Asker: 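I am attaching a structure below and will ask some questions about it afterwards.
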2 protein chains.
Amino acid sequence: MARERRPTLDTVAREVGVSRATVSNAYNRPDQLSASLRERIITTAAALGYAGPDPVARSLATRSGGAVAFMLGSRLSAAFSDPALSIVLDSLSDTLDAERSLLLMPGVDGGPRRESVTRAHADVAVAYSLPDDSAALAEVRKRGLPLVVIDQPVVSGSAMVDVADRAGAALAASHVVALGHREVGVLAFALHPDDRSGPASEARIGSSRFRITRERMAGYLSVLDAPPVWETPGSLREGGREGAHWLLRQVPRPTALLCMSDELALGALRAAHDLGLRVPDDLSVVGFDDTPAAHWADPPLTTIHQDLAAKGRIAAELAISLLDGARPGPARTLPTTLVERASTAAR
Amino acid sequence: MARERRPTLDTVAREVGVSRATVSNAYNRPDQLSASLRERIITTAAALGYAGPDPVARSLATRSGGAVAFMLGSRLSAAFSDPALSIVLDSLSDTLDAERSLLLMPGVDGGPRRESVTRAHADVAVAYSLPDDSAALAEVRKRGLPLVVIDQPVVSGSAMVDVADRAGAALAASHVVALGHREVGVLAFALHPDDRSGPASEARIGSSRFRITRERMAGYLSVLDAPPVWETPGSLREGGREGAHWLLRQVPRPTALLCMSDELALGALRAAHDLGLRVPDDLSVVGFDDTPAAHWADPPLTTIHQDLAAKGRIAAELAISLLDGARPGPARTLPTTLVERASTAAR
DNA sequence: TTGTAGGCGTTATCAG
DNA sequence: CTGATAACGCCTACAA
């Protein structure tokens, strides 16, 4: 079924009896021609079924106009279930120029497939918490795409925004220790992009390929001595629940749980409920991120606050400035603070 | 800072001493030239810093290769907080050809801005639950982009997938009526794209611009007689909670609540808890969608099941087939079924 | 196996 | 205000 050839600038130009350039101007520089002519052009274009300049051809000619590629470390389902990411992505997309769209590149094995970034119509890439050695990152570099990384080690020549993860985690650990807790368990994100969930060995902890996990762990460990650690891929409530069940079976049983995200902490709350433990009387729980859910939790969650919306906004601003030819400056690191609510208490 | 001109196919060709076509073949048709020559080409390309064929130029030449545009009716934050959408989007992105990426187009006022679809590098569009008269839809038609719509009235010439929303809603209503409930309240999605939340007048209900809201409401109303209705934008738990509070203040107080999504129902559960009402003893609650959260809810939610993953998968398959030149067939309508769990009981 | 020539649909530059 | 003409970077018959 031969799709009939669509009309082009040329078709319209010929029909109206003017040059291509004039038709182009009718769309892109209305002030460059008389209103009446423009009117005539637009009208016959519509009559011809011409939809306006082809976006791809325009991009080729202008060498720009693609989207910003947002590279994820996980599938979309995992991504969507992470409220922290939602907030970042939302504020990022809100900050972007109106004409720039968002190319979402889900990960399949710790990152988008190399080939997808090869063919992506993007003129800047944003990496969100990818493993250090992601192939996608290598391809971005090869293509020479400007890059901004979020929560990730600096790739040379890229702009960067992250938060004081290590300090925040240390804050969380110090908080429970100050409250008198001695047996403390840790609910951690994935240490490696292999979808494993279970108790984490020291070896795995030591070799983690995710910066964020590494940093938060380092923060915890700067205060704690070899706590039991459960690792779970993604940032899923159910994963947190499962891990908390395991941690609470350890002897001696932890009286406090440090969680790398609020979602994980919510799962821990649920586990405590399952086991008939009262929070904070029998168990203290600390989250990370301070997402809206931390507020509404029952009890409201003590957590480490970070400004997720700012993270997205800054990432977008950095992307825009790279596009404008600016050179990446030093990393922008956002602060973290402890927010005490009702899920922690002295033991 | 003049970005130096990047090498092109031509640069490489000249350097190696072959023609452009040959270099092109080296990338796209390895079998068209000797391995050694190809090797030589790739090597010097790397040396020159040539990253491979430019995706935009390639697309222009092949008239394809853009992404699939996914048009949302809401901002990303709202989209992300809707688990039903996450599931659909995830299975859609999973089903897509490996080489096709996903262009996410958030809505700002009931849909993506017209201009964004004008410039989008996409060769097929998917509309998810947009209002009937969205400007984005008009632009898609104008551009002649193949379109598949999800949960939305057929736009002429587009492929369509939806679920038996009306029948499902009728199922929910019949269920509580069969259980003896006479006072039934309804927690509804937005009726119009104006971010309003509050009691819904009959006029608003009668003129809803969202097909999904219309259909589910029609299903409820086919069984119920003028129930109190609270309308809330998005599918947010908090919105459901607020609405349920209002509904439960009505006299006579409803003994059952019908909710247009599980998230809304979860909010209703929360409201019941706030008010000291036991579910299902004092109040029955029915959701819609059967997302994973319905399982885990306390009590587990009676809800209307629909196969969200299938919806995404089918949408992707339809998009692909449109791209292959197929003409849109009749709408694919997925069934809905009642899943009885513990949130409903006889009164 | 390799090269030639002609598009793909726009935009940009620079005269007129 | 309008119109040639030359890019933009690549693909694809078709010819050699």
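All values reported here derive from a predicted model rather than from experimental measurement. A, B, ... follow the sequence lines: proteins, then strands. Residue 1 opens every chain.
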Asker: Can you find a side chain N or O atom of Arg63(A) that sits less than 4.0 Å from OP1 or OP2 on dC8(D)?
Answerer: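 For Arg63(A), the contact criterion (side-chain N or O under 4.0 Å from OP1 or OP2 of dC8(D)) is not met.
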Asker: Check every strand shown and say whether Gly65(A) touches a base, only sugar-phosphate, or nothing at a heavy-atom separation below 4.0 Å.
Answerer: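 The answer is nothing, as Gly65(A) stays clear of every strand by at least 4.0 Å.
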Asker: When all nucleic acid strands are considered with a 4.0 Å heavy-atom cut-off, which category describes Val56(B): base, sugar-phosphate, or nothing?
Answerer: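 No contact.
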Asker: For Leu33(B), which contact category applies under a 4.0 Å heavy-atom criterion: base, sugar-phosphate, or nothing?
Answerer: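 Result for Leu33(B) = sugar-phosphate.
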Asker: Look at Lys311(B) together with Asp151(B) and state whether they make a salt bridge at an N to O cut-off of under 4.0 Å.
Answerer: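 A salt bridge is present here (some side-chain N lies under 4.0 Å from a carboxylate O).
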Asker: Between Arg14(A) and Asp10(A), does at least one N-O distance fall below 4.0 Å, as a salt bridge requires?
Answerer: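 Yes, charged N to carboxylate O under 4.0 Å.
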Asker: Report the nucleotide, chosen from dT10(C), dG3(D), dT4(C), that has the shortest atom-to-atom distance to any side-chain atom of Ala57(A).
Answerer: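 Side chain of Ala57(A) sits closest to dT10(C).
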Asker: Please report the interatomic distance CG(Asp90(B)) to OG(Ser86(B)), rounded to the nearest 0.5 Å.
Answerer: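 Output value for this atom pair is 8.0 Å.
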Asker: Reckon Arg58(B) has a side-chain N or O less than 4.0 Å from the OP1 or OP2 of dC10(D)?
Answerer: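 No, outside the criterion.
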Asker: Measure from the side-chain heavy atoms of Thr22(A) and tell me the nearest of dT10(C), dT2(C), dG3(D).
Answerer: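 The answer is dG3(D).
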Asker: Would you say that Leu102(B) contacts Phe70(A) through its side chain, given a criterion of any heavy-atom pair below 4.5 Å between the two side chains?
Answerer: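 Counting from C-beta outward, Leu102(B) and Phe70(A) never come under 4.5 Å.
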Asker: So does Tyr50(A) get a side-chain nitrogen or oxygen closer than 4.0 Å to the phosphate oxygens (OP1/OP2) of dT10(C)?
Answerer: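 For dT10(C), OP1 or OP2 has a side-chain N or O of Tyr50(A) closer than 4.0 Å.
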Asker: Could you tell me the separation between the CD atom of Gln32(A) and the P atom of dA15(C), rounded to a whole number of Å?
Answerer: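 In whole Å, dA15(C) P and Gln32(A) CD are 16 Å from each other.
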Asker: Just the rounded figure in Å: distance from C1' of dC8(C) to CG of Leu60(B).
Answerer: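 Rounding to the nearest Å, CG of Leu60(B) and C1' of dC8(C) are 4 Å apart.
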Asker: Taking N or O atoms only and anything under 3.5 Å, show me the protein contacts with nucleotides 12-16 of chain D, one pair per line.
Answerer:
| unit_1 | atom_1 | unit_2 | atom_2 | d |
| --- | --- | --- | --- | --- |
| dT12(D) | OP2 | Arg29(B) | NH2 | 3.1 |

Asker: Hey, does Gly52(A) reach any base, or is it just sugar-phosphate, or nothing, if we go heavy atoms under 4.0 Å?
Answerer: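 Contact class for Gly52(A): sugar-phosphate only.
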Asker: Could you check whether His121(B) and Ser59(B), counting side-chain N and O atoms only, form a donor-acceptor pair closer than 3.5 Å?
Answerer: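 Short answer, no.
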Asker: Measure the shortest side-chain to side-chain distance between Asp162(B) and Leu334(B) over non-hydrogen atoms and say whether it is less than 4.5 angstrom.
Answerer: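 A side-chain contact under 4.5 Å is absent here.
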Asker: From NE2 of His121(B) over to C1' of dC8(C), roughly how many Å is that when rounded to an integer?
Answerer: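 Distance check: His121(B) NE2 to dC8(C) C1' gives 14 Å.
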Asker: Please confirm whether the backbone N or O of Val117(A) pairs with a side-chain atom of Arg143(A), one donor and one acceptor, at under 3.5 Å?
Answerer: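 Present.
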Asker: If you assign each of Asp54(A) and Ser19(B) to its closest nucleotide in DNA chain C, which residue comes earlier from the 5' end?
Answerer: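 Here Ser19(B) is the residue nearer the 5' end.
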Asker: Base, sugar-phosphate alone, or nothing: which one does Leu9(B) contact when heavy atoms must sit under 4.0 Å apart?
Answerer: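 Touches sugar-phosphate only.
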